[in-house]
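Computed over heavy atoms, backbone and side chain alike; hydrogens, waters and symmetry mates excluded.
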Amino acid sequence: MLFSKMFIPTMKEDPKEAEVISHRLMLRAGFIRRLAPGIYTWLPLGLKSVQKVERIIREEMNKKGAQEILMPFVQPKELWVESRRWDKYGKELLRFTDRNKRELCIGPTHEEVVTDLVRKEVRSYKDLPLTLYQIQTKFRDEIRPRFGVMRAREFSMKDAYSFDVDEKGAEKSYMDMYDAYGKIFDRCGFKFMVVEADTGQIGGSFSHEFMVLADTGEDIIISCESCGYAANLERAEVGFASKPVQRKKGEFNKVETPGQTKVGEVASFLGVSPDKLLKTIIYNTDKGVIGVLIKGDREINETKLKNLLCLDYLELADEGTIERVTGSPPGFSGPIGLSIPLYADRDVELMEDFVVGGNEKDIHITGVNKDDFNVSGFYDLKIARNGDKCPNCSGTLSSTRGIEVGHIFKLGLKYSEAMHAVFLDSDGKERFMVMGCYGIGVTRIVAAAIEQGHDENGMILPLAISPFEVDVLPVNSSHRESMEFGEQLYKELLEKGVDAIFDDRDERPGVKFKDCDLIGIPIRVTIGEKNLKEGYIEIKLRHEKTSQRMKKGEAIERVIECVKRTTHQ
RNA sequence: CGGGGCGUGGCGCAGCAUGGUUUAGCGCGCUUGCCUUGGGAGCAAGAGGUCGCUGGUUCAAAUCCAGUCGCCCCGACCA
């Protein structure tokens with residue numbers, strides 16, 4: 001491709017709308033343009049990068065025997081009612097009505113459609129296992145899209161679905177995908193981590209997320225270096241010491257704490273540290289009002305709570321409910337004398353002589369111990385953090401940030417039961433198919449690559465997903481020999497299968513260098529007038545500071561060598 | 001949905017508190033010519049704006065008032 005002919009609108013200045021690095025650089029380098037919030041057009045350069053990602057994904061999927069299909073992005077309401085997600089999915093599901101008053105939605109995911117397809121077409125165990133995938137545009141009407149294509153409403157996703165005759169087969173399919181994902185992200189040049197994750201909206205029994213490590217990542221990963229335990233924050237469990245407490249019952253006292261409603265306020269008012277306080281948090285749930293007890297300096301992990309109690313709905317109670325249940329305004333709730341079910345974090349078992357709310361305005365109670373009130377049990381309910389004990393070994397947990405680029409779920413029978421996806425086994429018995437589903441954020445991968453690779457001059461893209469592998473750059477565009485040599489070199493590279501671009505523009509060198517760096521092309525071949533006269537050219541790698549001077553006759557060979565080396569690293 | 005902010009040539013912004021000397025200005029980009037060619041050069045000449053929209057106040061509105069639309073940021077939310 002000739003640079004002069006390609007539509008590459010680069011920008012020197014930072015666009016106002018972009019705050020994160022990948023978003024800013026993708027706009028500046030002419031990868032994307034915004035059409036509406038969370039909706040982007042992919043320009044030639046960005047699209048090339050996306051297509052390279054897609055190619056890697058297809059190759060690895062196909063290697064595992066997964067077969068590509070393409071499902072519609074508009075889906076009928078009926079299927080979603082059948083899976084019971086029409087009501088459950090919430091506002092992210094964009095719904096609309098056609099001229100015949102049929103209700104439809106734009107697919108945020110395709111479990112329903114694929115399950116419908118397979119249940120209609122597959123009858124026999126002989127047709128299983130089956131893994132189908134597609135690369136398709138999804139739409140999720142995010143409350144607040146941000147960070148460019150990182151959290152867009154419209155985005156491209158690879159989604160695969162596996163159907164097996166039994167658990168064992170499903171596990172094999174799951175592991176195949178797990179393996180393929182590792183290969184895909186390796187080939188994309190990522191530093192990544194696989195973590196245990198919550199199954200969320202998709203549902204199912206267990207799941208793993210593939211996280212690209214980046215300081216700017218939206219997700220927090222909790223991991224243990226000693227045993228390799230890794231989970232996302234929602235899911236992360238915490239280990240507990242088994243130190244027995246001395247005091248079980250206390251001689252507690254009411255104290256006046258006028259106007260002190262927050263943990264910090266009460267603690268400093270009473271002259272104790274926040275971890276001597278016990279918070280009593282009141283929730284409204286689909287199973288009634290409940291209370292959760294947790295140490296004053298910690299937060300409740302609502303995902304763990306939901307999973308523990310099998311809740312569909314969980315929300316902090318409003319002021320009215322709190323007053324009705326505790327008899328006092330918010331800020332003075334405590335466990336003593338409450339009649340609602342109370343669930344305590346396991347930390348509470350280890351606390352002695354602590355402070356709780358008095359269930360009375362401006363009153364707290366000190367010197368409380370765990371047998372002074374009744375709880376339904378002690379569970380792991382807090383949000384894990386740096387320094388907590390590992391749940392699996394004696395190690396310590398630490399937290400890092402990541403960008404979720406892949407997520408695999410073992411669905412089990414959730415959709416096959418709901419939508420009656422069955423087959424006949426070898427005994428002629430009807431059985432439910434065991435399913436799994438596997439997603440990769442295709443467009444997000446490009447953003448993640450930039451978050452992981454950039455400097456003050458622009459992107460530093462891995463060769464495998466860079467829009468071009470090599471930029472052939474003559475310094476002086478009015479020097480005929482430079483231009484001729486450059487063009488020749490460029491053509492030969494193309495013939496050898498190298499994805500090269502030739503910067504034939506009549507621009508000053510600075511402009512060309514800056515653009516090349518901004519776009520992050522991994523290999524630059526610089527053709528300078530003086531060097532050329534002496535029989536030399538230069539090769540510079542984007543991620544290295546200095547360039548190498550070499551004989552012009554060796555250029556092709558050396559460039560190809562660079563491409564190969566970078567591909568296999 | 002709550003809180004904050006912003007809408008002025010393609011992009012980034014100034015002007016607005018105190019309406020009128022502003023013919024709405026600056027930087028980048030764009031066009032043409034000259035010049036220049038190892039890090040977004042220089043000189044010269046140009047093109048390009050219903051000041052988001054609607055209504056109001058006024059002799060006079062980018063500027064004041066009301067409404068409205070759009071966007072961005074923080075939060076709740078979330079594959």
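Using C1' as the reference atom, rC1(B) and rU63(B) are 33 Å apart when rounded to the nearest Å. rU23(B) and rU18(B) have their C1' atoms separated by 23 Å, given to the nearest Å. Using atom P as the reference point in both rA60(B) and rC43(B), the two lie 44 Å apart (nearest Å). On the P atoms, rG42(B) is 15 Å away from rU36(B), given to the nearest whole Å. Using atom C1' as the reference point in both rC53(B) and rC13(B), the two lie 22 Å apart (nearest Å).
Regarding Asn301(A), its CG atom lies at a distance of 12 Å from the P atom of rC78(B), rounded to whole Å. Here rC13(B) presents its C1' atom at 14 Å from CG of Asp14(A), a figure rounded to the nearest Å. Remark: P of rC78(B) and CG of Leu233(A) are 14 Å apart, rounded to the nearest angstrom. In this structure, Tyr438(A) places its OH atom 17 Å from C1' of rA79(B), rounding to the nearest Å. Remark: P of rC1(B) and CG of Asp141(A) are 12 Å apart, rounded to the nearest angstrom. Regarding Ile143(A), its CD1 atom lies at a distance of 8 Å from the P atom of rC78(B), rounded to whole Å. Rounding to whole angstrom units, CD of residue Glu315(A) and P of rG2(B) are separated by 16 Å. Counting to the nearest Å, the P atom of rC78(B) and the CG atom of Asp219(A) are 13 Å from each other.
For an aromatic pair to be called close, the ring centres must be under 6.0 Å apart, and Phe210(A) with His208(A) fails this.
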Got a list of side-chain donor-acceptor pairs under 3.5 Å for residues 1-15 of chain A, not counting sequence neighbours?
{"unit_1": "Ser4(A)", "atom_1": "OG", "unit_2": "Asp504(A)", "atom_2": "OD1", "d": "3.1"}
{"unit_1": "Ser4(A)", "atom_1": "OG", "unit_2": "Asp504(A)", "atom_2": "OD2", "d": "2.6"}
{"unit_1": "Thr10(A)", "atom_1": "OG1", "unit_2": "Asp515(A)", "atom_2": "OD1", "d": "3.1"}

Could you go through residues 36-43 of chain A and list every donor-acceptor pair under 3.5 Å that involves a side-chain atom there, pairing it with any protein atom two or more places apart or in another chain?
{"unit_1": "Tyr40(A)", "atom_1": "OH", "unit_2": "His23(A)", "atom_2": "NE2", "d": "3.2"}

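In this model, no donor atom of one side chain and acceptor atom of the other lie less than 3.5 Å apart for Tyr178(A) and Asp176(A).
For the pair Ile143(A) and Glu92(A), the minimum side-chain heavy-atom distance is below 4.5 Å. Side-chain contact between Tyr415(A) and Arg85(A): present, with at least one pair of heavy atoms (C-beta onward) separated by less than 4.5 Å. In this structure the side chain of Lys533(A) never reaches within 4.5 angstrom of the side chain of Glu481(A), judged on heavy atoms.
For RNA chain B, if you chain together Watson-Crick or G-U pairs that step i with j, i+1 with j-1 and so on, the runs of at least three with distances under 3.5 Å are B:1-7 with B:69-75, B:10-13 with B:25-28, B:30-34 with B:42-46, B:52-56 with B:64-68.
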Every protein N/O lying under 3.5 Å from an N/O of nucleotides 25-27 of chain B:
{"unit_1": "rG27(B)", "atom_1": "N2", "unit_2": "Glu13(A)", "atom_2": "OE1", "d": "3.2"}
{"unit_1": "rG27(B)", "atom_1": "N2", "unit_2": "Glu13(A)", "atom_2": "OE2", "d": "3.4"}

Contact list (N/O, under 3.5 angstrom) for nucleotides 37-43 of chain B vs protein:
{"unit_1": "rU37(B)", "atom_1": "O2'", "unit_2": "Asn476(A)", "atom_2": "ND2", "d": "3.2"}
{"unit_1": "rU37(B)", "atom_1": "O4", "unit_2": "Ser478(A)", "atom_2": "OG", "d": "3.1"}
{"unit_1": "rG38(B)", "atom_1": "O6", "unit_2": "Asn531(A)", "atom_2": "ND2", "d": "3.0"}
{"unit_1": "rG38(B)", "atom_1": "O6", "unit_2": "Glu538(A)", "atom_2": "OE2", "d": "3.3"}
{"unit_1": "rG38(B)", "atom_1": "N1", "unit_2": "Glu538(A)", "atom_2": "OE2", "d": "2.6"}
{"unit_1": "rG38(B)", "atom_1": "N2", "unit_2": "Glu538(A)", "atom_2": "OE1", "d": "3.0"}
{"unit_1": "rG39(B)", "atom_1": "O6", "unit_2": "Arg524(A)", "atom_2": "NH1", "d": "3.1"}
{"unit_1": "rG39(B)", "atom_1": "O6", "unit_2": "Arg524(A)", "atom_2": "NH2", "d": "3.2"}
{"unit_1": "rG39(B)", "atom_1": "N1", "unit_2": "Asp517(A)", "atom_2": "OD2", "d": "3.0"}
{"unit_1": "rG39(B)", "atom_1": "N2", "unit_2": "Asp517(A)", "atom_2": "OD2", "d": "2.5"}
{"unit_1": "rG40(B)", "atom_1": "O2'", "unit_2": "Lys12(A)", "atom_2": "NZ", "d": "2.3"}
{"unit_1": "rG40(B)", "atom_1": "O6", "unit_2": "Arg28(A)", "atom_2": "NH2", "d": "3.2"}
{"unit_1": "rG40(B)", "atom_1": "N1", "unit_2": "Asp515(A)", "atom_2": "OD1", "d": "3.2"}
{"unit_1": "rG40(B)", "atom_1": "N2", "unit_2": "Asp515(A)", "atom_2": "OD1", "d": "3.1"}
{"unit_1": "rG40(B)", "atom_1": "N2", "unit_2": "Asp515(A)", "atom_2": "OD2", "d": "3.4"}
{"unit_1": "rA41(B)", "atom_1": "N9", "unit_2": "Arg508(A)", "atom_2": "NE", "d": "3.3"}
{"unit_1": "rA41(B)", "atom_1": "N7", "unit_2": "Arg508(A)", "atom_2": "NE", "d": "3.3"}

Below 3.5 Å is the cut-off: list the nitrogen or oxygen pairs between protein and nucleotides 70-73 of chain B, distance only.
{"unit_1": "rC71(B)", "atom_1": "O3'", "unit_2": "Arg34(A)", "atom_2": "NH1", "d": "3.4"}
{"unit_1": "rC73(B)", "atom_1": "OP1", "unit_2": "Glu19(A)", "atom_2": "OE1", "d": "2.7"}
{"unit_1": "rC73(B)", "atom_1": "OP1", "unit_2": "Glu19(A)", "atom_2": "OE2", "d": "2.8"}

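At the heavy-atom level, Glu404(A) lies under 4.0 Å from base atoms of the strands shown.
In rA17(B) the O4'-C1'-N dihedral to the base is within 90° of 0, which defines a syn nucleotide.
A cation-pi arrangement is found for Arg95(A) relative to Trp86(A), the charged atom lying closer than 6.0 Å to the ring centre and inside a 45° cone about the ring normal.
Ring geometry, Trp80(A) versus Tyr89(A): the interplanar angle exceeds 60°, so the pair is classed perpendicular (tilted spans 30 to 60°).
Counting non-hydrogen atoms of other residues, nucleotides and ligands closer than 6.0 Å to CD of Glu319(A) gives a total of 12 or fewer.
Residue Arg444(A) places a side-chain atom within donor-acceptor reach of the base of rA79(B), judged by atom type and a 3.5 Å distance cut-off alone.
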